[in-house]
Amino acid sequence: MSEEDGDEAAAADAVDGGPPSNEPVITDADKRRMQLLAAVPVGFALAAYAGQIFFAALIARAPLLLLSLNATDPILLGVAHQAPLWAFMAIGLARLFITDPFLYRLGYDYGPDAKAYLAAEFGPSSRVIRTMVWLEHWFPRAGWLLLFAVPGYPMCLLSGIARMRQLPFVVVNLAGTFTRLALVWWVADLFSGPLGAVIRFINRYSMPFTVAMFVLVALQTARNQQRAARAERSADGSP
């Protein structure tokens, strides 16, 4: 859920030993532009943490605000039970798509260097980077199908790195996102009884749930930082 658990170290290589002669040099201007392009995805990843923490407090009282913060599948299911269809589809589509053009452009303009930059931001062992490594194997064979099925952070960046044309990227991405939302709405309607009972239970005990989610997010963040620190020490050859 922390988009999920938390939705970011190759620049150090250039400082330590300098890039090989056959690799492009990343200038300070390039780094600044990468930071600007990544600011929106990283910002929404942080917003997803807030949505995860305040899930119990918002799911019954302000479901559309919760959706604007975090649009992972469990929250989509809960919000679909609480919101009108038009609002769920409009806000859900905007929330899920808004970060994707920035990631696509980041990958398109900077290629593998963009992946290295996000590894430094999210941590080399983060779910985003692990997913990207897995998807890289299949992207040359089924890139458009994968983008339709999972139009998230890793696929959008890989679409840019593979230099997919912009219009097909937007069309396939939006089609996949719309289909995902429609499926979630259908499932939420199919299981409306159990979902309603779960939401009422969470709403009744919103304070303990909020405290528990805060602790969970704190533990996830600490674990990701430890993984990133271990990976950095390993890259540097430190014990």
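The first residue of the sequence shown is numbered 1, and numbering continues consecutively from there.
- Closest approach of A56 and R61 over heavy atoms only: O-NH1, 4.1 Å.
- The cluster map of Ile, Leu, Val, Met, Phe, Trp and Tyr, joined by side-chain heavy atoms under 4.5 Å apart, puts L145 and L158 in different clusters.
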message: Apply side chain to side chain contact (heavy atoms under 4.5 Å, CB included) to residues V184 and F88 and explain how you reach the verdict.
response: CA-CA 10 Å; V184 168; F88 173 77; 4.0 Å; yes
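- Using a 4.5 Å heavy-atom threshold, the side chains of V79 and I91 count as separate.
- The backbone N or O of L174 sits nowhere less than 3.5 Å from a side-chain atom of T177 that would complete a donor-acceptor pair.
- Shown here for G176 and P151, the closest heavy-atom pair between the two residues is C-CG, 4.3 Å.
- Under a hydrophobic-cluster definition in which Ile, Leu, Val, Met, Phe, Trp and Tyr are linked whenever side-chain heavy atoms come within less than 4.5 Å, directly or via other members, M155 and L183 are assigned to different clusters.
- Closest non-hydrogen pair, N173 versus C156, comes out as ND2-SG, 3.4 Å.
- Side chain of H81 to backbone of S192: a donor-acceptor contact under 3.5 angstrom is found.
- L67 contributes atom CG, which lies 8.0 Å from atom CZ of R95 (distance to the nearest 0.5 angstrom).
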task: Just do the side chain to side chain contact (heavy atoms under 4.5 Å, CB included) check on V40 and F44 with the steps written out, would you?
output: CA-CA 6 Å; V40 171; F44 275 96; 3.7 Å; yes
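- Considering all non-hydrogen atoms of both residues, A48 and N70 come closest at O-ND2, 2.9 Å.
- Note: L157 CG to F102 CZ = 14.0 Å, rounded to the nearest 0.5 Å.
- The shortest distance between side-chain heavy atoms of L96 and R180 falls below 4.5 Å.
- The minimum heavy-atom distance linking Y153 with P41 is given by the pair OH-O, 2.6 Å.
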message: For a side chain to side chain contact (heavy atoms under 4.5 Å, CB included) check, start with the C-alpha distance between Q82 and L66, then their side-chain angles and the critical distance, and finish with the verdict.
response: CA-CA 11 Å; Q82 299 289 107; L66 176 62; over 6 Å; no
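- One finds the CD1 atom of I75 at 10.0 Å from the CG atom of D73 (value rounded to the nearest 0.5 Å).
- Grouping the Ile, Leu, Val, Met, Phe, Trp and Tyr side chains by contacts below 4.5 angstrom, directly or via other members, places V198 with L190.
- Between atom OH of residue Y205 and atom OG1 of residue T210 there is a gap of 14.5 Å, rounded to the nearest 0.5 Å.
- Here the shortest heavy-atom pairing between W185 and P84 reads CH2-C, 3.8 Å.
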- prompt: Between F97 and V170, is a side chain to side chain contact (heavy atoms under 4.5 Å, CB included) present by the stated rule, with each step listed?
  reply: CA-CA 9 Å; F97 181 73; V170 171; 4.2 Å; yes
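- Between atom CG of residue N203 and atom CZ of residue R200 there is a gap of 10.0 Å, rounded to the nearest 0.5 Å.
- With hydrophobic clusters built from ILVMFWY side chains whose heavy atoms lie under 4.5 angstrom apart, M164 does not share a cluster with V171.
- Cluster membership for V215 and F55, using ILVMFWY side-chain heavy atoms within less than 4.5 angstrom, is not shared.
- Within a 6.0 Å sphere centred on CZ of F209, other residues, nucleotides and ligands contribute more than 12 heavy atoms.
- Here the CG-CG distance, from L58 to L65, works out to 5.5 Å after rounding to the nearest 0.5 Å.
- Looking at Y104, its side chain does come within 3.5 Å of a backbone N or O of Q166 through a donor-acceptor pair.
- For the pair R105 and Y108, the cation-pi test (distance below 6.0 Å, angle within 45°) is passed.
- Distance alone, capped at 3.5 Å, places no donor-acceptor pair between the Y110 side chain and the M34 backbone.
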